[in-house]
K.L.:
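Quick one: structure below, then a few questions.
What you are looking at is a predicted structure, and each value in this text was computed from that prediction instead of being measured. Starting from 1, each residue takes its place in the sequence as its number. We count ligands from 1, going down the list as the structure has it; atoms in each ligand are counted the same way.
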Amino acid sequence: MLVKFAVIAGSASKDLGKRIARRLKAPYVEAKTRVFPDGESKITFGRIPKNSVVLVVQSTYPPVDTNLLQTLSIISQARKAASKIYAIIPYMGYARQDRQFLSGEIVTMSIVAKMLEAAGAKKIIVVDIHSKTALNHFKIPKENVSAIPDLAKYFKKMKLKNALVVSPDTGGALRAKKFASLLNTDFITLKKSRNRKTGKVLIQSSKVDVHGKDLILVDDIISTGGSVIKATQFLKRQKCKRVFVACTHGLFIGDAERKIKKAGASQIISTNTIPRGTSKVDVSGVIAESIR
Ligand code: R5P
């Protein structure tokens, strides 16, 4: 039986939602959001086509809790008309709080998963989620799609000579390996530590052979920019040629973008899981592909 889809996007992911709808040739249901002066959101949406699987698209970047509550509201209202709801949360806020690092910490990711399920989501689709552990908090079917092939395609077009992919930490080694293999180049991994109390980042690697090379520093999330700033400064000291910074989710809190450039990055590229000036890579194709 042919599945009928309809797409509703929250205010954080309108453009991406429309792109997904176009790719799936599915109707896009407009959701109008008004945020009151006290921060409460009021959402009104149009008629949902009967018996359709409704794809609710919304990244939960800052204001994280507002965007999350909007997502929950849209899902719980849409489920009344839909045959099924799939929650597409390209950037999943709270994914970095997927386990207890220090005693007494609340694992908020598990609360988020329970809320999305309680609202009525029957499947969850995310893009390059920070960890598989975060996704494991969901009991419903889940899918993590990767933006790395599309990011790599962007860099392939740049035809960089003598390129090397760099991960700022060992946790990103597999990502860097995949990126490098798509570009037919090598990769290295730096050693990074972060003080769990102050958030301060330190690059612990001593020496790497990057002399004269064009580096692509790839991470999943750039938040304050601390990790890529420290890594860029370190790589510049090792006399590399240029540093290109790439990530799936560009949060760029405060003036992170300016600080990354000041550290010596030639260009910063992210995807439209979070719409920014740096979002040169579109993930609607890979998301639509996972749904077809
Ligand atoms: C950490 O393990 C993540 O992969 C990112 O490296 C981190 O979240 C980036 O945060 P920030 O930009 O604040 O250093």
Side-chain angles (χ1 to χ4, degrees), residues 59-64 67 89-102 105 107-109 112 126-137 144-148 151-152 165-180 187-205 208 215-236 243-265 267-271 273-279 281 283:
S59 276
T60 53
Y61 57 84
V64 179
N67 286 336
I89 313 209
Y91 170 70
M92 174 68 81
Y94 287 107
R96 287 176 292 176
Q97 296 191 47
D98 58 351
R99 68 199 83 175
Q100 208 178 49
F101 295 98
L102 299 175
E105 284 176 355
V107 181
T108 309
M109 188 59 232
V112 171
V126 292
V127 181
D128 289 334
I129 194 159
H130 180 65
S131 74
K132 293 275 154 65
T133 311
L135 218 44
N136 285 341
H137 289 290
N144 179 37
V145 303
S146 178
I148 296 301
L151 274 165
V165 175
V166 183
S167 170
D169 51 40
T170 50
L174 281 180
R175 182 182 313 118
K177 186 176 179 192
K178 184 171 172 193
F179 204 115
F187 76 99
I188 58 165
T189 303
L190 303 181
K191 264 199 199 134
K192 173 188 101 177
S193 71
R194 187 190 290 273
N195 184 309
R196 287 256 163 236
K197 286 200 174 121
T198 62
K200 211 167 170 245
V201 170
L202 206 70
I203 298 295
Q204 293 171 311
S205 308
V208 287
L215 307 179
I216 305 167
L217 186 56
V218 57
D219 210 342
D220 58 340
I221 305 168
I222 297 179
S223 179
T224 63
S227 308
V228 291
I229 289 169
K230 287 282 171 138
T232 303
Q233 289 167 339
F234 169 77
L235 295 163
K236 281 283 177 180
V243 177
F244 296 90
V245 171
C247 69
T248 303
H249 312 293
L251 288 165
F252 305 121
I253 303 303
D255 57 352
E257 228 182 293
R258 188 190 59 79
K259 289 194 216 149
I260 298 167
K261 287 267 176 68
K262 195 164 165 246
Q267 214 179 318
I268 309 169
I269 303 297
S270 65
T271 78
T273 60
I274 300 175
R276 297 274 182 259
T278 52
S279 308
V281 173
V283 294

K.L.:
What are the polar N/O contacts of ligand 1 with the protein below 3.5 Å, with distances?
P.N.:
unit_1   : atom_1 : unit_2 : atom_2 : d
ligand 1 : 4 (O)  : Asp219 : OD1    : 3.2
ligand 1 : 4 (O)  : Asp220 : OD1    : 2.6
ligand 1 : 6 (O)  : Lys192 : NZ     : 3.3
ligand 1 : 6 (O)  : Asp219 : OD1    : 3.3
ligand 1 : 6 (O)  : Asp219 : OD2    : 2.6
ligand 1 : 8 (O)  : Arg96  : NH1    : 2.8
ligand 1 : 10 (O) : Arg194 : NH2    : 3.4
ligand 1 : 12 (O) : Ser223 : N      : 2.8
ligand 1 : 12 (O) : Thr224 : N      : 3.2
ligand 1 : 12 (O) : Gly225 : N      : 2.8
ligand 1 : 13 (O) : Thr224 : N      : 2.9
ligand 1 : 13 (O) : Thr224 : OG1    : 2.5
ligand 1 : 14 (O) : Arg194 : NH2    : 3.0
ligand 1 : 14 (O) : Ser227 : N      : 2.9
ligand 1 : 14 (O) : Ser227 : OG     : 2.6

K.L.:
Are the side chain of His137 and the backbone N or O of Asp98 linked by a donor-acceptor pair below 3.5 Å?
P.N.:
yes
K.L.:
Residues two or more places apart in sequence or in another chain: which of them pass side chain to side chain contact (heavy atoms under 4.5 Å, CB included) with Lys191?
P.N.:
Thr170, Gln204, Ser205
K.L.:
Can you tell me which residue among Thr271, Ile129, Ile222 is in a side-chain contact (heavy atoms from CB on, under 4.5 Å) with Thr248?
P.N.:
Thr271
K.L.:
Could you tell me the separation between the NE2 atom of His249 and the CZ atom of Arg276, rounded to the nearest 0.5 Å?
P.N.:
12.5 Å
K.L.:
With sequence neighbours left out, write down each residue that passes side chain to side chain contact (heavy atoms under 4.5 Å, CB included) with Lys178, or none if nothing qualifies.
P.N.:
Ser146, Ile148, Pro149, Leu182
K.L.:
Name all residues meeting the side chain to side chain contact (heavy atoms under 4.5 Å, CB included) criterion together with Ser227; count only those two or more places apart in sequence or in a different chain, and write none if there are none.
P.N.:
Lys192, Arg194, Val201, Asp219
